[in-house]
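First comes the structure, then the notes that go with it.
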Amino acid sequence: MSTNHEASHQPKPFTGDFTLQEPLPEAAITAVTDVMRSGRLHRYNHAVDELSVASTLEVAYAKWQKRDYCLACASGGYAMATALRALGVKPDDTVLTNAFTLAPVPGAIESVNANAVLVEVTEDLVIDLDDLAAKAEQYKGCVLLLSHMRGHLANMTEVMNIAERFNLRVVEDCAHTMGATFDGKLSGNFGHIACFSTQTYKHINSGEGGFLTTNDAQLAARAIVLSGSYMLYERHGAAPSAEVFESIRLETPNCSGRMDNVRAAMLLAQMDHLDNNLTRWNVRYEAMQEAISASNRLALPSPVNSSVRIGSSLQFRTPWLDADGCQEFMKRCAKLGVELKWFGNPTPVAFTSQHSSWRYVEAQTLPQTDRVLSTLFDVRIPLTFSVEDCRHVGNIIASVAVSFEGA
Ligand SMILES: *Cc1c(COP(=O)(O)O)cnc(C)c1O
């Protein structure tokens, strides 16, 4: 064999597209065109004896999520703002949230004019329980909007113990954890309300959209009226009974953010594929993680005991690199076709941002989070990648790490 030994260590470039999602299943396309042919696009525009597609979707999602009530709405961000309003968060109230999350989270807090108080995250990318306990004690009785950012679940038993001790009400942001579990229980079923996104990069795709789920009848009734139900709330499928609405229906504002039947039809057809897709993500994640682990220089977050993640993206850190080194790391990966996002960038790029770039939030000192994010990278895992593709991407990342050795 005349293969150059050096070159054999350099994987060939990857040519996949990190932003390419799968097409929607044919059943979804048929369901959408059926809705369009019917002309009944608005969720309350349906025959009297029927449930609308949006309501049918809510029933299906509530069942899958094992919750009593589900509201389908305009976006995940809208679901979070609605959750805060339903809980009665008022201007200048404090809302605790993790310092490592995406901009829609502080944005939802800002949209109700509340003050975000940021909690440190650990090297495993979950909320720091000591910092949470300290801030929960300081702001007793407030709401915690807990973002399971990039799919990492904290020890939810401990989070809920802290919440109980300091009387916090908990909203879970499950944008990246639809289907993830802690101690066998689905993420979203620990707090008072859970919010999900069905935006294109999440686990089911309607372009834009979201769900709010809860087992609390009062909160569900408020969320439904808030979402713009007019006085048509009795047409919902996964809603509390009409009496629950009696006391809140006239005091709750209509802040329209409904889901229409077109997007509901897309999502309803995808529900049949959801469990299988979650497995497909995890197989891909495992393959990429295994390949990355070949370089022992990259720090991968360890899942908290008893948690099961859905690997729709992968994170790793390069603790031995400074900011210039991180830029160089991204450049070398990009040259080989691997698109990384770097959470350490002081200016926000694409979907990454740091708490310091949310200028509408009062500046806060979070040395641990800043240290973790300074060398944190993110790779998307779209289902259009084969398992082999994911191994290939992992090999490239590992080889780039090796290329820094002795540099
Ligand atoms: C996507 C996302 C949301 C919700 O986003 P929308 O685009 O409003 O649906 C919330 N939190 C996180 C962490 C997200 O990534």
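Just so it is clear, the model here is predicted, and its values are computed rather than measured. Read the numbers this way: they start at 1 and go in the same order the structure lists the ligands and their atoms.
Listed by first then second residue, pairs satisfying salt bridge (Lys or Arg N to Asp or Glu O under 4.0 Å) with a partner in residues 57-80 read Arg43-Glu58, not counting sequence neighbours. Each side-chain hydrogen bond (donor to acceptor under 3.5 Å, both in side chains) pair with one or both residues in residues 360-370, not counting sequence neighbours, appears once here: Glu120-Thr369, Asp128-Gln368, His355-Asp370.
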When the side chains of residues 92-99 are checked against the rest of the protein, which donor-acceptor pairs come out under 3.5 Å, sequence neighbours left out?
| residue | atom | partner | partner atom | Å |
| --- | --- | --- | --- | --- |
| Asp93 | OD2 | Lys90 | N | 2.8 |
| Thr97 | OG1 | Leu145 | O | 2.7 |
| Asn98 | OD1 | Ser147 | N | 3.0 |
| Asn98 | ND2 | Ser147 | O | 2.6 |

Show me the short polar-atom pairs for ligand 1: any N or O of it lying under 3.5 Å from a protein N or O, with distances only.
| residue | atom | partner | partner atom | Å |
| --- | --- | --- | --- | --- |
| ligand 1 | 8 (O) | Gly77 | N | 2.7 |
| ligand 1 | 9 (O) | Gly76 | N | 2.8 |
| ligand 1 | 9 (O) | Ser197 | OG | 2.7 |
| ligand 1 | 11 (N) | Asp173 | OD1 | 3.3 |
| ligand 1 | 11 (N) | Asp173 | OD2 | 2.7 |
| ligand 1 | 15 (O) | His176 | NE2 | 2.6 |
| ligand 1 | 15 (O) | Lys202 | NZ | 3.0 |

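Using a 4.0 Å cut-off between charged side-chain N and carboxylate O, Glu123 and Arg317 make a salt bridge.
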Self-check item: Residues His192, Thr214; criterion side-chain hydrogen bond (donor to acceptor under 3.5 Å, both in side chains); working and verdict
Solution: CA-CA 6 Å; His192 299 73; Thr214 182; over 6 Å; no
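The closest side-chain donor-acceptor pair between Tyr44 and His236 falls under 3.5 angstrom.
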